[in-house]
Amino acid sequence: MIEQTRIIMGMPITIAVAEQVEQATIDEAFDLFVAADIKFSTYRAESEISRFNQGQVQEIELTSDVHEVFALARQTEKESHGYFNMRKTDGRYDPSGIVKSWAIARAVAHLHKSGLKNFFADAGGDVQTSGVSGDGTPWRVGIRSPFHLGEIIKVLEPAGRGVATSGSTIRGAHIWNPHAPQEKLDDVLSITVIGPNVLEADRFATAAFAMGRKGVNFIEALPGFEAYQVDALGEATLTSGFRKFEVAAT
Amino acid sequence: MRKMMLMNYLRKLAFGFGGAALLAVPSARAAALHDGTFDGGVYDAYFGPVQVEITVRGGKLVSCKATQYPDHRRTSVSINYQALPILEREVVTVQSAKVQIISGATLTSRAYIASLADALQQAVQ
């Protein structure tokens, strides 16, 4: 099995292939992330999104990739009842909430097109698996504990579906608000969504996390999606079909 | 030497291993770090702002924490759930099974590094 990690878009991106593969194919998949970063990074003054936000490019002049991501963002805004919104309060556009998984989906499509069947792509904890792992067993995805980064709290076999987690893994002052000590104790720390593919899982994980405690109910109402939501008390709420993907504790 | 240590520290903080950051981190000069507490700038991490605060004591970086990070709630938008099903709950427990991949939130890493770099720059000025 070949497994490679690079830092792109400010996050570790891993591609693993459990069959014969040319290095060039893996490089091309990584290049799709680099290309997405060059276009969509709000941290690069010269990116297409930055030039659009600065008024140097009009919407009609944007490349098809940006139109595609904007369309996905607007669709997600509608489907999430406005909880997801790529427009910041100052009017700037920031579709980063979707760009990551859009790039994973493109990389996965490239690997499939190259004839590969057994692989995974992971960008900052959002994952798409395909086929089986090197020893022929299903790929297993662990859900990272928001309390201890080195621990996992759930093991999944997503069987080709996408898995995405939204949330904050840094615990800090906001959990203990001195002015309202009770108020934030049950805050949602993370929500992991299993969806038809990584792009769908991420779109809805992003929206669900913005909803707070209702996020898991939002996912419950979506056909084809499951979720595992962890709160600051160390309790999790599961959608009704989540257990289908769970590997029993050992 | 100090510069190397700072850069390695930055990378470890950001990624947990020695990867190269694409984001430009201002180089920390060999001059001693000034004692004090320094706040980095506030950076967008999609769900909201991230801000890092560092503390330098005896010329050494002794702490580094996020004082602001995404805690986004659009409370003005309400959702009409006609009937909220009662969903199963459980206490989270650590699992020991072997996995190839880990899913977790890493949304804020770039904003975190940008703010940390700001704070470090202030400490060496």
Side-chain angles (χ1 to χ4, degrees), chain A residues 5 7-12 16 42-43 81-83 88 94 96-97 120 122 124-127 129 133 139-145 151-155 163-170 172-174 190 192 209-212 214 216-218 220 230 234-240 247 249-250, chain B residues 11 14-24 43-48 50 52 65-114:
Chain A
T5 299
I7 304 292
I8 310 170
M9 302 163 109
M11 67 184 112
T42 54
Y43 287 88
H81 312 278
Y83 276 88
K88 317 289 284 185
D94 181 4
S96 356
F120 74 77
D122 164 8
D126 290 353
V127 180
T129 66
S133 71
W139 294 111
R140 285 186 171 183
V141 179
I143 298 180
R144 168 180 287 143
S145 166
E151 292 175 353
I152 55 172
I153 52 172
K154 209 49 127 182
V155 179
V163 181
T165 299
S166 256
S168 175
T169 51
I170 310 166
H174 92 291
S190 74
T192 299
F209 182 66
M211 294 177 188
K214 291 175 180 172
V216 69
N217 296 96
F218 169 68
E220 174 72 13
V230 180
E235 280 192 40
T237 311
L238 297 66
T239 56
S240 50
V247 177
T250 49
Chain B
R11 287 177 180 151
F15 309 118
F17 61 95
L22 280 187
L23 200 92
Y43 287 85
D44 274 349
Y46 192 70
F47 283 107
V50 166
V52 173
K65 61 186 179 191
T67 52
Q68 269 197 54
Y69 62 93
D71 178 28
H72 180 98
R73 299 285 182 269
R74 280 168 208 258
T75 44
S76 59
V77 184
S78 64
I79 290 193
N80 178 22
Y81 290 109
Q82 299 196 323
L84 282 184
I86 305 225
L87 297 176
E88 184 185 349
R89 287 172 67 78
E90 67 177 22
V91 173
V92 302
T93 50
V94 176
Q95 306 290 305
S96 57
K98 188 176 162 282
V99 301
Q100 294 95 359
I101 321 157
I102 293 178
S103 181
T106 54
L107 270 170
T108 61
S109 68
R110 181 172 280 184
Y112 190 86
I113 302 165

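We use all heavy atoms of the structure for the numbers below, so side chains are in, but hydrogens, waters and symmetry mates are not. Order of the sequence lines fixes the chain letters, A, B, ..., with proteins taken first and strands second; residue numbering starts at 1 for each chain. In this text, all values refer to a predicted model and were calculated from it rather than measured experimentally.
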[X] side, atom [atom1]; [Y] side, atom [atom2] - distance, nearest 0.5 Å:
X	Y	atom1	atom2	result
B:Thr93	A:Glu151	OG1	CD	10.5 Å
B:Ile86	A:Asn217	CD1	CG	9.5 Å
B:Leu87	A:Thr239	CG	OG1	7.0 Å

Measure from the side-chain N and O atoms of B:Glu90 to the backbone N and O of A:Ala236, and report whether any donor-acceptor pair falls under 3.5 Å.
->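 Absent.
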
Sub-3.5 Å donor-acceptor pair from the side chain of B:Ser103 to the main-chain atoms of A:Asp126, do we have one?
->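 Side chain of B:Ser103 to backbone of A:Asp126: no pair is present.
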
Sequence neighbours left out, what passes side chain to side chain donor-acceptor pair (under 3.5 Å) with A:Thr129? Give chain and number order.
->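 With sequence neighbours excluded, A:Thr129 shows a side chain to side chain donor-acceptor pair (under 3.5 Å) to no residue whatsoever.
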
By salt bridge (charged side-chain N to carboxylate O under 4.0 Å, His left out) - contacts of B:Glu88 (at least two apart) |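 Checked B:Glu88 against salt bridge (charged side-chain N to carboxylate O under 4.0 Å, His left out); matches are A:Arg243.
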
Ignoring hydrogens, what is the shortest heavy-atom contact between [X] and [Y]? Give both atom names and the distance.
X	Y	value
B:Gly104	A:Arg144	CA-CB, 4.2 Å
A:Ile152	B:Ala97	CD1-O, 3.8 Å
B:Lys98	A:Arg140	O-CD, 3.5 Å

Interchain contact, [X] with chain B, by part (heavy-atom threshold 4.5 Å):
X	answer
A:Val141	both
A:Ala164	backbone
A:Val127	side chain

